[in-house]
Amino acid sequence: MPSDAADDRVVLITGAANGIGRGIATRFARAGSRLALLDMNAPALERAADELRQSHTEVLSLTCDVRNARQVQEAVERTTGRFGRVDVAVSNAAVYPNTAVVDMDEAEWDLVIETNL
């Protein structure tokens with residue numbers, strides 16, 4: 001994790017709207033990083049982005065489904081267009097179904113593999 005000293009890193013975080021991703025974003029914001037937050041939950045993403053902006057963090061929020069390569073590419077392009085670069089990428093997006101692997105149907109298995117990998 002970053003130190004508390006101000007930095008100029010540009011950090012792209014997937015799954016940034018809630019939980020661990022939001023915690024990671026908060027920690028990088030405290031360090032002075034500029035953030036690109038990606039998540040497919042647009043309302044939660046905007047709440048997280050607004051909260052971080054209140055602490056004077058420069059935030060770009062991008063609704064993005066990491067299973068869609070085109071959306072990911074567009075998010076990276078928008079991030080580099082805004083900030084000029086990406087210094088750190090945190091691949092945090094994941095799903096955790098409440099089903100044992102041996103009991104998953106094909107659609108649930110595909111969702112887990114496509115999102116988590």
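All values derive from a computational prediction rather than experimental measurement. Only heavy atoms go into these numbers, but all of them, side chains included; no hydrogens, no water, no symmetry mates.
Closest heavy-atom contact between Ser61 and Ala49: CB-CB, 3.9 Å. The two residues Ala93 and Thr14 make their nearest non-hydrogen contact at N-OG1, 2.9 Å.
Contacts of Arg47 classified as salt bridge (charged side-chain N to carboxylate O under 4.0 Å, His left out), with partners at least two apart in sequence or in another chain: none. Under the side chain to side chain donor-acceptor pair (under 3.5 Å) criterion, Thr115 pairs with no residue, sequence neighbours left out. Here Asp50 pairs with Arg53 under the side chain to side chain donor-acceptor pair (under 3.5 Å) rule; sequence neighbours left out. The salt bridge (charged side-chain N to carboxylate O under 4.0 Å, His left out) search around Asp110 returns none, not counting sequence neighbours. Evaluation of the salt bridge (charged side-chain N to carboxylate O under 4.0 Å, His left out) rule for Arg70 yields Glu74 as partners, not counting sequence neighbours. Checked against salt bridge (charged side-chain N to carboxylate O under 4.0 Å, His left out), Glu51 has the following partners two or more places apart in sequence or in another chain: Arg22. With sequence neighbours excluded, the residues that form a side chain to side chain contact (heavy atoms under 4.5 Å, CB included) with Gln73 are Glu77.
Sorted by first and then second residue, the side-chain hydrogen bond (donor to acceptor under 3.5 Å, both in side chains) pairs with a member in residues 86-101 read Arg85-Asp87, Thr99-Glu108; sequence neighbours excluded. Pairs of residues two or more places apart, or lying in two chains, never qualify as salt bridge (Lys or Arg N to Asp or Glu O under 4.0 Å) while including a residue from residues 92-104. Residue pairs satisfying the salt bridge (Lys or Arg N to Asp or Glu O under 4.0 Å) criterion with at least one member in residues 35-45, sequence neighbours excluded, are absent.
In this structure, Phe83 CZ and Arg78 CZ are separated by 10.5 Å, a value rounded to the nearest 0.5 Å. Rounding to the nearest 0.5 Å gives a distance of 12.0 Å between CG of Leu12 and OG of Ser33.
Two residues are said to be in side-chain contact when any heavy atoms from C-beta on lie closer than 4.5 Å; Val88 and Phe28 meet this criterion. In this structure, Ile13 and Leu38 have side chains that are not in contact, with every pair of non-hydrogen atoms separated by 4.5 Å or more. A 4.5 Å side-chain heavy-atom check between Arg34 and Thr57 finds every atom pair outside the cut-off.
Of the listed residues (Thr63, Thr79, Leu52, Ile24), just one forms a side chain to side chain contact (heavy atoms under 4.5 Å, CB included) with Leu37, and that residue is Leu52.
One hydrophobic cluster, built from ILVMFWY side chains closer than 4.5 Å, cannot hold both Leu62 and Val59; they sit in different ones. At a threshold of 4.5 Å between side-chain heavy atoms, the hydrophobic network of Ile, Leu, Val, Met, Phe, Trp and Tyr places Ile20 and Val11 in one connected group. By the criterion of side-chain heavy atoms lying less than 4.5 angstrom apart, applied directly or through intervening Ile, Leu, Val, Met, Phe, Trp or Tyr residues, Leu60 is grouped together with Val76 in one hydrophobic cluster.
Grouping Ile, Leu, Val, Met, Phe, Trp and Tyr by side-chain contacts under 4.5 Å, direct or through others, puts Ile113 with Val95, Val101, Met104, Trp109, Leu111, Val112, Leu117.
Between the Gln71 side chain and the Asp65 main chain, a donor and an acceptor come within less than 3.5 Å of each other.
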